[in-house]
There are 2 protein chains.
Amino acid sequence: MAKKVSLKDIAQKAGVSIASVSYVLTKGNNSGVGPELSEKIKKIASELNYRPNQIAKSLQSGKSYSIGLIVADISNPFFANIARIIEDQAKKYNYTVIFGSSDEMASKSSDLITFFVNRQVDGFIIAPAEDSLEQIKALQKQNIPFVLIDRYFPEIDTNYVATDNFMATFKATNKLIESGNSEIGLIAYNSELYHMQERINGYCKAIEEAGCSPKKSNIKKIDFSSLKEQINKKVDELVLSDNPVSAILFATNTLALYGLKRIDALKLKVPDDVSVIVFDAAEAFDFYYCPLTYIKQPLFEIGTNAVDILVDQIDKPNKKLSQVCIKSTLVENESSK
Amino acid sequence: MAKKVSLKDIAQKAGVSIASVSYVLTKGNNSGVGPELSEKIKKIASELNYRPNQIAKSLQSGKSYSIGLIVADISNPFFANIARIIEDQAKKYNYTVIFGSSDEMASKSSDLITFFVNRQVDGFIIAPAEDSLEQIKALQKQNIPFVLIDRYFPEIDTNYVATDNFMATFKATNKLIESGNSEIGLIAYNSELYHMQERINGYCKAIEEAGCSPKKSNIKKIDFSSLKEQINKKVDELVLSDNPVSAILFATNTLALYGLKRIDALKLKVPDDVSVIVFDAAEAFDFYYCPLTYIKQPLFEIGTNAVDILVDQIDKPNKKLSQVCIKSTLVENESSK
DNA sequence: TTGAAAGCGATACCAT
DNA sequence: ATGGTATCGCTTTCAA
């Protein structure tokens with residue numbers, strides 16, 4: 001790699017001090033440096049195609065202008081979309097985004113956080129993995145700015161931006177009840193994460209308000225790590241039991257993707273045999289024969305807010321925490337009839 | 001942010017020099033430092049929870065251990081999947097990935113490259129945008145290591161990893177011919193990018209070998225920036241003309257996504273009314289009523305090879321260039337019958 | 001208006 | 001075996 005041009009090179013060529021060059025190049029016109037000298041330096045800098053070394057700047061300033069984004073899996077459309085929004089928003093503040101996927105595993109998440117802290121990121125945007133509470137607390141203790149997205153921990157006070165998961169599934173379940181479904185199944189992840197708990201709670205609350213009590217047998221929980229192995233059995237339990245459900249609410253779009261495949265394989269028709277509502281849209285559903293009713297999360301707002309809050313927190317470390325909860329909307333289609 | 005622990009802090013607490021601390025912490029046991037002192041330093045370092053400042057290391061070593069990934073759009077599943085593979089592979093070498101989306105625009109691509117160069121990335125993995133040839137040449141001239149993926153420029157000698165686009169569409173078109181289709185349409189992007197040209201060439205070659213000459217009216221080109229505005233008209237021109245095609249080859253999965261929606265809207269059935277082959281798989285096709293024949297790109301190989309080659313190039317700047325072309329496979333399903 | 005020099009944190013050469 | 005010190009590129013204080 002050809003050696004890079006530094007302030008020193010410019011200073012030598014111009015026959016001035018490094019300091020003067022620095023002044024001109026960073027402060028612009030009102031640098032205190034004389035106009036002719038100023039011009040000369042600018043000219044040489046551009047001739048030499050000078051590019052400031054961001055690393056050196058960072059070492060000196062203590063700011064890297066980079067943020068670490070940790071999600072479950074960057075290849076998951078939900079997170080890929082958020083990543084794009086975060087990228088664009090971060091660029092507005094001149095921040096760079098470095099990313100990592102935790103695969104919902106605390107150990108990977110922990111490694112990533114350490115890795116990124118060593119690289120001196122100025123802050124984090126994190127969709128925290130199961131059992132990562134301690135890591136988040138550690139971040140807090142070290143006063144490293146961060147914003148949680150998608151999920152958060154109600155027991156600790158942090159910045160977060162998420163949707164109102166409880167209301168979202170509450171409304172969705174109500175919709176299914178209104179459509180005349182009495183037995184409604186829920187397929188969720190087997191997780192203590194707050195967003196998942198809230199989705200389950202919203203479902204239960206709606207059932208209760210309808211005067212029933214939520215049945216354990218209608219709530220199926222699937223392990224993150226063995227989705228494909230468990231989903232068929234859980235779907236079967238819901239729709240093939242003695243008292244089968246007439247509707248299913250899927251707590252994420254990945255669950256729905258595989259769940260619907262099973263429903264199709266069983267030759268059951270949506271919505272005639274089973275009504276369906278899905279949490280989150282996905283391109284995959286574009287071609288489903290029955291247009292799906294789904295809960296639409298405010299991705300753009302989540303992403304932009306997260307960046308705004310993080311950057312603000314980085315600039316003003318004593319700012320009070322921001323906890324943003326944004327409503328999702330229920331997009332009604334045929335599948336919930 | 002609580003001030004970070006530095007070598008100096010450890011040195012002070014241990015009553016030794018910074019140099020000794022550095023030796024112990026970087027060289028391990030055979031550091032030349034006495035065993036007792038060694039232990040003492042290690043103990044204090046871990047007590048203080050010392051984390052080396054990667055920025056300082058980078059400044060000193062001239063290596064940032066980060067690579068810039070520039071794709072068209074990180075939220076596009078194709079690139080999101082590649083990003084994940086690159087992330088995992090980079091981690092094996094202790095590299096961090098920072099990413100940016102060019103939206104297929106040369107201007108954005110150029111900004112990103114500059115931005116990342118300033119941040120001292122050690123190298124790039126780039127899916128080059130239209131008209132970005134000059135930027136790539138500039139990278140070359142500056143001796144900055146990079147590997148192109150997905151597309152490359154045949155007129156310049158660079159590292160690249162791509163699939164054999166020509167063979168892929170050649171075989172796909174042949175398949176459609178074998179299935180008895182005489183008029184075959186191609187929907188591609190209106191782009192000079194090599195991968196797109198090769199996909200078009202492969203199609204033409206297959207038609208020629210079948211003893212026909214490719215008709216201009218059967219080849220439809222769509223602008224990147226106005227896909228949704230143009231696709232319906234192009235599909236219509238293919239299937240509703242006086243001499244309609246009986247099969248369509250889509251040059252990317254995004255084109256197919258919208259093209260198939262149009263075909264459905266026209267009440268045409270796949271494959272009875274129109275046979276279809278798609279370049280690349282996508283979750284979106286999982287639910288298409290007719291299982292689609294598609295060209296499966298070797299994503300994993302492309303991603304891992306790109307990282308391997310880049311890291312090798314960073315370590316050995318004089319190494320000769322690697323140009324890797326990996327076959328895609330045609331996954332045959334109902335839609336091409 | 002200009003510049004010398006300290007310092008950011010870590011490494012490595014060269015003394016002792 | 002241990003440590004002083006120059007160095008990476010840049011910013012900023014202080015002095016001239």
Side-chain angles (χ1 to χ4, degrees), chain A residues 1-42 44-45 48-66 94 117-122, chain B residues 1-42 44-45 48-66 94 117-122:
Chain A
M1 185 129 58
K3 77 167 185 311
K4 302 248 173 84
V5 180
S6 71
L7 288 185
K8 196 167 151 195
D9 299 318
I10 300 177
Q12 274 171 354
K13 192 144 183 177
V16 298
S17 77
I18 296 176
S20 300
V21 179
S22 175
Y23 289 142
V24 172
L25 264 27
T26 58
K27 305 273 167 57
N29 280 326
N30 50 344
S31 60
V33 178
E36 329 72 31
L37 223 195
S38 231
E39 278 316 307
K40 183 178 180 189
I41 289 172
K42 282 183 191 166
I44 295 179
L48 261 39
N49 193 28
Y50 170 72
R51 303 269 165 245
N53 182 326
Q54 193 61 41
I55 297 275
K57 273 184 153 164
S58 293
L59 180 60
Q60 142 73 27
S61 67
K63 274 199 69 170
S64 65
Y65 277 95
S66 65
N94 255 297
V117 168
N118 291 356
R119 288 185 130 64
Q120 312 297 121
V121 295
D122 292 333
Chain B
M1 183 131 55
K3 77 165 187 309
K4 303 249 171 81
V5 181
S6 71
L7 288 185
K8 195 167 152 193
D9 300 318
I10 300 176
Q12 272 170 355
K13 192 146 186 177
V16 297
S17 76
I18 295 177
S20 300
V21 178
S22 175
Y23 288 141
V24 171
L25 264 28
T26 58
K27 305 272 166 58
N29 279 326
N30 49 345
S31 60
V33 178
E36 330 72 33
L37 223 193
S38 233
E39 279 315 307
K40 184 178 179 189
I41 289 172
K42 282 183 192 168
I44 294 178
L48 262 37
N49 192 28
Y50 170 72
R51 302 270 165 244
N53 181 326
Q54 193 61 41
I55 296 276
K57 274 184 153 165
S58 292
L59 180 59
Q60 139 73 28
S61 66
K63 274 199 70 170
S64 65
Y65 276 96
S66 65
N94 255 296
V117 167
N118 292 354
R119 291 187 124 68
Q120 312 297 120
V121 295
D122 292 333

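Proteins get letters first, then strands, A, B, ... in listed order; numbering begins at 1 in each. We use all heavy atoms of the structure for the numbers below, so side chains are in, but hydrogens, waters and symmetry mates are not. Quick caveat, the model's predicted, so the values are computed rather than measured.
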Heavy-atom nearest nucleotide on DNA chain C taken for B/Y23 and for B/R51; more 5' hit belongs to B/R51
B/K63 has an atom NZ; how far is it from atom P of C/dA10, in whole Å? 19 Å
Nearest 0.5 angstrom please: B/L48 CG to B/L7 CG, how far? 11.0 Å
If you round to the nearest 0.5 Å, how far is CG of B/L37 from CD1 of B/I41? 4.5 Å
Look only at the side chain of B/K40 and the backbone of B/A14, and say whether a donor-acceptor pair between them is shorter than 3.5 Å. yes
What residues in residues 7-19 of chain B put a non-hydrogen atom under 4.0 Å from any atom of DNA chain C? B/L7, B/I18, B/A19
Distance col, row A/I10:CD1 vs A/S22:OG, nearest 0.5 angstrom, shows 10.0 Å
Check whether the side chain of A/Q60 and the base of C/dG7 form a donor-acceptor pair under 3.5 Å. yes
Measuring from the side chain of B/S20 (C-beta onward, heavy atoms only), which nucleotide among C/dT2, D/dG3, C/dG9 has the closest atom? D/dG3
Distance, rounded to the nearest Å, where B/L37 contributes CG and D/dT2 contributes C1': 8 Å
Is any N or O donor-acceptor pair between the side chain of A/Y50 and the base of D/dG9 shorter than 3.5 Å? no
Show the nearest heavy-atom pair for residues B/S58 and B/S64, with the distance to one decimal. OG-CA, 3.4 Å
A/R119 side chain to B/Y65 main-chain N or O, any donor-acceptor pair under 3.5 Å? yes
So what does A/S6 touch, heavy atoms closer than 4.0 Å: a base, only the sugar-phosphate, or nothing? sugar-phosphate
Nearest-Å distance for atom pair CG/C1', residues A/D122 and C/dC8: 15 Å
What distance separates A/I55 CD1 from A/Q120 CD, expressed to the nearest 0.5 Å? 10.0 Å
To the nearest angstrom, how far is A/L59 atom CG from C/dA6 atom C1'? 13 Å
I need the CD1-P distance between B/I41 and C/dA10, as an integer number of Å. 14 Å
Interatomic distance, B/K57 NZ vs C/dA10 P [rounded to whole Å]: 8 Å
Answer with base, sugar-phosphate or nothing: what part of the nucleic acid does A/T26 contact at a heavy-atom distance below 4.0 Å? sugar-phosphate
Rounded to whole Å, please give me the gap between NZ in A/K27 and P in C/dT1. 14 Å
B/R119 has an atom CZ; how far is it from atom C1' of D/dC10, in whole Å? 15 Å
